[in-house]
> 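Encoded as structure tokens, here's the structure I'll be asking about.
Per chain, numbering begins at 1; letters A, B, ... match sequence-line order. These numbers were taken from a predicted model, which means no experiment stands behind them.
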Number of protein chains: 2
Amino acid sequence: MNLELQQFKSEFFKALAHPLRIRILELLSEGDKTVNEIQSIIGSEGSAVSQQLAILRSKNVVFGIKEGTSVIYSLRDPLVKDLLNVAKQIFDNHLVGTITLLEHMRASEQ
Amino acid sequence: MNLELQQFKSEFFKALAHPLRIRILELLSEGDKTVNEIQSIIGSEGSAVSQQLAILRSKNVVFGIKEGTSVIYSLRDPLVKDLLNVAKQIFDNHLVGTITLLEHMRASEQ
DNA sequence: TTCAAATAATCAAATATACGAATATTTATC
DNA sequence: GATAAATATTCGTATATTTGATTATTTGAA
């Protein structure tokens, strides 16, 4: 496997390795939004949202288009939504696995 | 969306945000392996591989089973392979997008 | 006991995060 | 044109976390 793909992947996953950035990407999965909208929905400082968007921009995960005083942000690739969904499935499987494990432990206690 | 899922996702993506750990996960996507096998294939120091496996273990991405003097590692969830594939698709789309952009720039030069 | 395989511990350097202040751009009003 | 408001970004700084290399320790087999 080539190094460029590996480098891309690690940078890409770094972009996703932060709660606020995940939240932003999930909002953008539902549709384009201004910084102001994102910050209102999330209830975060404007500069915090702007900074995280800057990181997402620099790793080519999102892009922004200026509209008057606002900037409208979009996912660069809709597959990001799919990726977040796979991660959710993994989480769900993880939960199921944990519950199953507890049940087995409980059963072997009796 | 609940905080536990968000926390899980960010921790999970942190686990993936490192080249060596990605490489390890890709090898494990192809089948279970000992630390020694992984280190031979990758050509890394044994302690480096072991350290990264410890991180993957701590975030419940992989698990190891002791077999004599060796430990055989497995993905905890095969969906990790799917996730890496989606990331590869995003990379490919990114490349296509970059090439298309260069072509447009080239075309508008003439 | 020795050896191989794996893991844990340690430490310094590098990188990321979090927060508030400062700055830049656009629009509307006078 | 000047000014204020709205929107967004960048900067500066302190703190936290991760990375990478090295060494020490543990475990199991012979």
> Please list residues of residues 47-57 of chain B whose heavy atoms come under 4.0 Å from any atom in DNA chain D, ordered by number; otherwise none.
B:Ser47, B:Gln51
> Could you pull out all residues at least two apart from A:Ile72 that satisfy side-chain contact (heavy atoms from CB on, under 4.5 Å)?
A:Asp32, A:Thr34, A:Glu67
> In whole Å, what is the span from the CD1 atom of A:Ile24 to the P atom of D:dT9?
11 Å
> Contact list please: residues 66-76 of chain B against DNA chain D, heavy atoms, distance less than 4.0 Å, in numerical order.
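Heavy-atom contacts with DNA chain D come from B:Lys66, B:Gly68, B:Thr69.
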> Decide yes or no on side chain to side chain contact (heavy atoms under 4.5 Å, CB included) for A:Val62 and A:Leu25, but give the supporting numbers first.
CA-CA 8 Å; A:Val62 303; A:Leu25 291 176; 3.7 Å; yes
> Each nucleotide N or O in nucleotides 13-15 of chain D that has a protein N or O under 3.5 Å away: list the pair and distance.
none

> Quick one: salt bridge (Lys or Arg N to Asp or Glu O under 4.0 Å) pairs with a partner in residues 76-102 of chain B, sequence neighbours left out?
B:Lys88-B:Asp92
> What does the inter-axis angle of the helix from C:dT1-D:dA30 to C:dC30-D:dG1 come out as, five pairs per end, nearest 10 degrees?
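It works out to 20° between the end axes.
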> Sort and list the pairs that fulfil salt bridge (Lys or Arg N to Asp or Glu O under 4.0 Å) and have at least one residue in residues 41-59 of chain A, not counting sequence neighbours.
A:Glu11-A:Lys59
> Using a 4.5 Å cut-off on heavy atoms from C-beta on, say whether the side chain of B:Asn60 contacts that of B:Phe12.
no
> So which residues get pulled into B:Val96's cluster when ILVMFWY side chains under 4.5 Å apart are joined, directly or through others?
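None; B:Val96 is a cluster of one.
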> Along DNA chain C, 5' to 3', what are the outermost nucleotides having an atom less than 4.0 Å from a heavy atom of chain A?
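Taking any atom under 4.0 Å from a heavy atom of chain A, the span is C:dA16 to C:dT27.
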> Salt-bridged, B:Lys9 to A:Glu26, with N to O below 4.0 Å?
yes
> Identify, with sequence neighbours excluded, every residue that meets side-chain contact (heavy atoms from CB on, under 4.5 Å) alongside B:Gln39.
B:Val35, B:Asn36, B:Val49
> Has the side chain of B:Lys33 got a donor or acceptor atom that lies under 3.5 Å from a matching backbone atom of B:Gly31?
yes
> Applying side-chain contact (heavy atoms from CB on, under 4.5 Å), can you list everything that pairs with B:Pro78, at least two apart in sequence or on another chain?
none
> Check ring-ring contact (aromatic ring centres under 6.0 Å, His included) between A:Phe91 and all other residues, then give those that pass, not counting sequence neighbours.
B:Phe8
